[in-house]
2 protein chains.
Amino acid sequence: MLSKKTKYGIKALVHLARQEERTPVQISTISKAENISQKFLESILLTLRKNGVLGSKKGKGGGYYLLKDPKDIPMTTVMRLLEGPIAMVPCVSLNFYEKCEDCPDEKVCAVNKLMLKVRDNTLEIFRNTTLADLSN
Amino acid sequence: MLSKKTKYGIKALVHLARQEERTPVQISTISKAENISQKFLESILLTLRKNGVLGSKKGKGGGYYLLKDPKDIPMTTVMRLLEGPIAMVPCVSLNFYEKCEDCPDEKVCAVNKLMLKVRDNTLEIFRNTTLADLSN
DNA sequence: CTTTTACCCTATAGATTTAGTAGGGTATTG
DNA sequence: CAATACCCTACTAAATCTATAGGGTAAAAG
């Protein structure tokens, strides 16, 4: 199941991408427009800023804005930052690999086999979908 | 993340599918072979039995066995029984559809758009992968 | 017909994750 | 210097997961 954190994060990013101009947008504005708890949204935008997706400006007229063009932000980036690993099991994860304790041999493991297919496929979708694709 | 319930369930099913003969296999046998807590496995096999995937036989020489040929058991069935909805958000689920509360219009929603693609793709994989495919 | 085997069922509990809330701190702008 | 709006830490209620405990019941063997 997709966490609300990720869901809200995507909605907020799309909101920013849909802006005509790249001027900062206040948290409260996004929060109201997208029906998201302001404080919760604050923490989400913060992690996106810390990881180079968003920039921010303090003080009056401040807010958050995209650091890159929406077409240069693939969903892999967003998903990994907010949701974590794309793979459903650690033993098929590219960025968060871990061996299964209970599994004697990955190469014979049915779960590994199946989830590897799913990961490859899902990854392909996230790679080929950018923020721009979702903002139309 | 895939739950251990599903993971164990798949391993157990593959274990049964790999049997030469279709004679009942005891829980304790599967539990030891696959490194699964016996009591936990018991509850998993029970739900698979209640939903027509497995049959069981009581008493001496009893155990669990597949009701169909492995090639006639698609992973969609297994995943839905053990893991639940395949979609990552209820608003793109086929069998467990629910409208989002916070979302004014699904057709314009970026999350919906993205997750629909992922679901279509994942579903395709689960449909085209049977227990027999995982058992080789 | 009795004993053993092995499935069947309910309840509970510790650990972890999720989805926030509370409460303030700090930098910037006007 | 006062108002704005981002920045940060800590905590918590609720849900889910991963089992464990403790027996009950049907069926087969002898």
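A note on names: the letters A, B, ... follow the listed sequences, proteins ahead of strands, and every chain is numbered from 1.
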Whole-Å distance between [N] [atom2] and [X] [atom1]?
X	N	atom1	atom2	result
B:Met1	C:dA15	CE	P	20 Å
B:Leu45	C:dC9	CG	C1'	14 Å
B:Leu46	C:dT10	CG	P	9 Å
B:Ile44	D:dT20	CD1	P	12 Å
B:Gln38	D:dA21	CD	P	13 Å
A:Lys57	C:dT28	NZ	C1'	9 Å

query = How close do B:Gly62 and B:Pro24 get, heavy atom to heavy atom, and via which atoms?
reply =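 So the minimum-distance heavy-atom pair works out to C-CB, 3.6 Å.
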Taking 4.0 Å as the cut-off, does a side-chain nitrogen or oxygen of [X] come that near to OP1 or OP2 on [N]?
X	N	value
A:Arg49	D:dA5	no
A:Tyr8	C:dA19	no
B:Tyr64	C:dC8	yes
B:Ser56	C:dC8	yes

query = Between B:Ser3 and B:Glu83, is any pair of side-chain heavy atoms under 4.5 Å apart?
reply =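 Sidechains of B:Glu83 and B:Ser3: in contact.
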message = Contact between A:Lys11 and B:Cys109 at the side-chain level, heavy atoms closer than 4.5 Å - yes or no?
response =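 Counting from C-beta outward, A:Lys11 and B:Cys109 do come under 4.5 Å.
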message = Please classify the nucleic acid contact of A:Ile27 as base, sugar-phosphate, or nothing, using heavy-atom distances under 4.0 Å.
response =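 Since only primed, P, OP1 and OP2 atoms lie under 4.0 Å of A:Ile27, the category is sugar-phosphate.
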message = Using a heavy-atom cut-off of 4.0 Å across all strands, would you classify B:Lys50 as base, sugar-phosphate, or nothing?
response =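 Sugar-phosphate, backbone atoms only, no base.
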Of the nucleotides [options], which one has an atom closest to the side chain of [X]?
X	options	value
B:Lys60	D:dA29, D:dT18, D:dC6	D:dA29
B:Lys58	C:dC7, D:dC6, C:dC9	C:dC7
A:Ser37	D:dA28, C:dG20, C:dA6	C:dG20

task = May I ask you to verify whether the side chain of B:Glu42 and the base of C:dC7 hold a donor-acceptor pair under 3.5 Å?
result =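 Side chain to base: no pair below 3.5 Å.
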ask   = Do A:Lys39 and C:dG23 have a side chain to base donor-acceptor pair shorter than 3.5 Å?
value =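 Check passes, donor-acceptor contact within cut-off.
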Point-to-point distance, once rounded to the nearest 0.5 Å, from OG1 of B:Thr130 to NZ of B:Lys68 =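 That separation rounds to 12.0 Å.
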request  = Begin from the C-alpha positions of B:Asp102 and A:Lys4 and carry the test salt bridge (charged side-chain N to carboxylate O under 4.0 Å, His left out) through to its verdict.
outcome  = CA-CA 11 Å; B:Asp102 54 304; A:Lys4 299 220 168 177; 5.7 Å; no
request  = Map A:Phe40 and A:Gly61 onto DNA chain C by nearest heavy atom, then report which one ends up closer to the 5' terminus.
outcome  =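 Checking each residue's closest nucleotide, the 5'-ward one belongs to A:Phe40.
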